[in-house]
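Everything on this sheet refers to the single structure shown next.
Keep in mind that the numbers below use all heavy atoms, side chains included, and drop hydrogens, waters and symmetry copies. Owing to the predicted nature of the structure, the values given are computational and were not obtained by experimental measurement. The chains referred to below are lettered A, B, ... by the order of the sequence lines, with proteins before strands, and numbering in each begins at 1.
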Number of protein chains: 2
Amino acid sequence: MPKPDVDPTVQLELSVDRSSPVPLYFQLAQQLEAAIEHGTLTPGSLLGNEIELASRLGLSRPTVRQAIQSLVDKGLLVRRRGVGTQVVHSQVKRPLELSSLYDDLESAGQRPATKVLVNTMVSASAEVAAALGVPEDSEVHRIERLRLAHGEPMAYLCNFLPPGLLDLETAQLEATGLYRLMRAAGITLHSARQTIGARAATPAEAERLTEEPGAPLLTMQRVTYDDTGRAVEYGTHTYRPSRYSFEFQLLVRS
Amino acid sequence: MPKPDVDPTVQLELSVDRSSPVPLYFQLAQQLEAAIEHGTLTPGSLLGNEIELASRLGLSRPTVRQAIQSLVDKGLLVRRRGVGTQVVHSQVKRPLELSSLYDDLESAGQRPATKVLVNTMVSASAEVAAALGVPEDSEVHRIERLRLAHGEPMAYLCNFLPPGLLDLETAQLEATGLYRLMRAAGITLHSARQTIGARAATPAEAERLTEEPGAPLLTMQRVTYDDTGRAVEYGTHTYRPSRYSFEFQLLVRS
DNA sequence: TCAATCAGTATGTCCGGACAATGTGACTTC
DNA sequence: GAAGTCACATTGTCCGGACATACTGATTGA
């Protein structure tokens with residue numbers, strides 16, 4: 001007699017292509033993630049035990065475990081020893097990513113516009129030199145941009161980059177985000193250190209963002225490092241809080 | 001003739017205790033992390049190949065790989081196929097954690113003080129009900145706290161909790177953080193959705209935080225979920241930007 | 001002299017198995 | 001009827017090996 005499961009074990013149609021160059025565990029992870037996204041795998045439902053899943057797919061258990069683990073790391077699945085693996089109930093969107101404002105806006109369907117105010121070389125101030133790890137008074141790129149959405153200014157972005165990393169053309173900066181340019185130049189971003197705060201707008205800031213002097217502004221400073229540990233970007237940004245806020249999901253480090 | 005390595009392969013004294021209940025890969029990961037922290041493993045230095053490392057420790061390669069992988073996930077190491085595994089150059093502190101303000105302050109050596117303003121049950125507004133996933137007008141906990149540092153108010157915290165999860169005693173709330181209480185009550189936190197923004201202080205907010213009306217405030221809203229997907233907390237917080245800002249490290253999801 | 005080729009080395013992927021630890025539910029016992 | 005006990009299911013850890021893939025540097029060739 002079949003048990004009336006409260007959290008039923010879902011039977012999925014899964015398959016892997018062994019001739020594909022895509023790793024098997026990755027194929028499986030993608031299919032599981034798609035099934036969760038699509039609703040085939042409902043929250044709370046059990047995934048079926050790993051051994052049986054492996055034999056059904058003709059895979060080994062380590063491979064299946066690797067696929068499941070990657071989704072656990074993403075916060076989509078939860079494993080319980082002695083119980084099984086189940087789909088997380090809550091609406092996990094996406095964890096905090098190192099994304100540019102441009103990408104954020106674009107994925108929100110906003111089609112952002114950028115106006116490059118300054119694109120030049122300057123000698124590094126003490127603050128910039130310390131952040132980028134370059135000698136004081138050495139030459140660095142300085143970029144100032146205004147980000148607009150629906151024709152309204154939304155953020156004022158001021159960035160500093162060490163020399164020689166990539167050539168920054170104003171036209172490109174207006175067409176896409178800075179991170180995308182860096183990735184395209186072969187730089188592998190690794191980590192970033194951010195500080196988010198707030199302060200009252202100075203008269204100059206207020207004018208740039210069409211706010212009143214003294215109006216509250218959201219501020220963010222960031223130093224980004226590539227995987228060799230070099231600082232590749234230092235930015236000081238101010239946002240109009242009525243137009244933008246930082247929204248993200250974060251997972252508990254178990 | 002030995003090659004003059006620019007990034008030398010470091011020979012560490014590593015050992016594992018097979019009689020310990022602590023997993024072997026975890027023991028190894030801890031020792032490696034300690035060596036990085038301590039400076040024995042300098043940034044840029046190679047870790048030596050996995051096979052040799054495994055045989056030297058009497059472990060299998062999968063176990064060594066699991067240890068290394070956990071540190072890669074933490075952003076401490078970088079693997080390069082055909083090259084080796086090396087210590088990341090930049091100053092990785094810690095990635096963004098789901099930490100309470102209390103823990104943040106305490107780890108900064110600030111010894112925070114908490115003043116509980118309100119600790120009662122209220123009927124859920126539409127906003128609170130939606131965030132917690134409970135019926136509208138059902139009873140929920142409402143907690144209002146003032147967080148002080150050096151005798152000065154720093155943040156005003158307003159939280160809502162679903163009923164029955166834990167009993168909130170004012171004395172406990174003044175002695176420790178909310179997250180610590182929840183963990184102690186057997187709740188396993190899983191993820192949270194946060195929004196950080198800014199706005200001008202209302203007269204009431206200004207008075208609570210001893211600011212002027214209209215002064216910029218840093219705001220944060222958060223819904224926290226446990227590993228079953230239940231919302232276990234909804235909070236609306238305001239911070240004095242002169243006293244507090246959000247600072248964190250984040251890693252690139254490769 | 002410079003470019004293409006190739007061997008060496010390291011990580012990436014995958015396999016099949018073994019035993020341990022833990023949570024669940026049914027069974028037994030008082 | 002309630003509490004403790006035990007078997008079962010499932011994930012956690014670990015092993016030893018095999019081949020694929022990518023990066024590096026030296027050798028070879030034009």
Could you measure the distance from the OG1 atom of Thr195(A) to the CZ atom of Phe248(B)? Nearest 0.5 Å is fine.
8.0 Å
Please list, chain by chain and in numerical order, all residues satisfying side-chain contact (heavy atoms from CB on, under 4.5 Å) with Ser55(A), sequence neighbours excluded.
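Scan of Ser55(A) (side-chain contact (heavy atoms from CB on, under 4.5 Å), adjacent residues dropped) gives none.
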Could I get the full list of side-chain contact (heavy atoms from CB on, under 4.5 Å) partners for Gln69(A), not counting sequence neighbours?
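Partners of Gln69(A) by the side-chain contact (heavy atoms from CB on, under 4.5 Å) criterion, ordered by chain and then number, come out as Val72(A), Asp73(A), Arg79(A).
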Would you mind checking if Glu247(A) and Arg193(B) are paired as a salt bridge, meaning a charged N to carboxylate O distance below 4.0 Å?
yes
Once each nucleotide of nucleotides 11-19 of chain D is scored for protein heavy atoms under 4.0 Å, what B/S/- sequence comes out, 5' to 3'?
BBBSBB-B-
What is the separation between atom CD on Gln86(B) and atom P on dA10(C), rounded to the nearest whole Å?
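Rounded to the whole Å, the gap is 13 Å.
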Could you walk me through whether Glu174(B) and Arg145(B) pass the salt bridge (Lys or Arg N to Asp or Glu O under 4.0 Å) test, one step at a time?
CA-CA 9 Å; Glu174(B) 303 215 327; Arg145(B) 291 169 296 169; over 6 Å; no
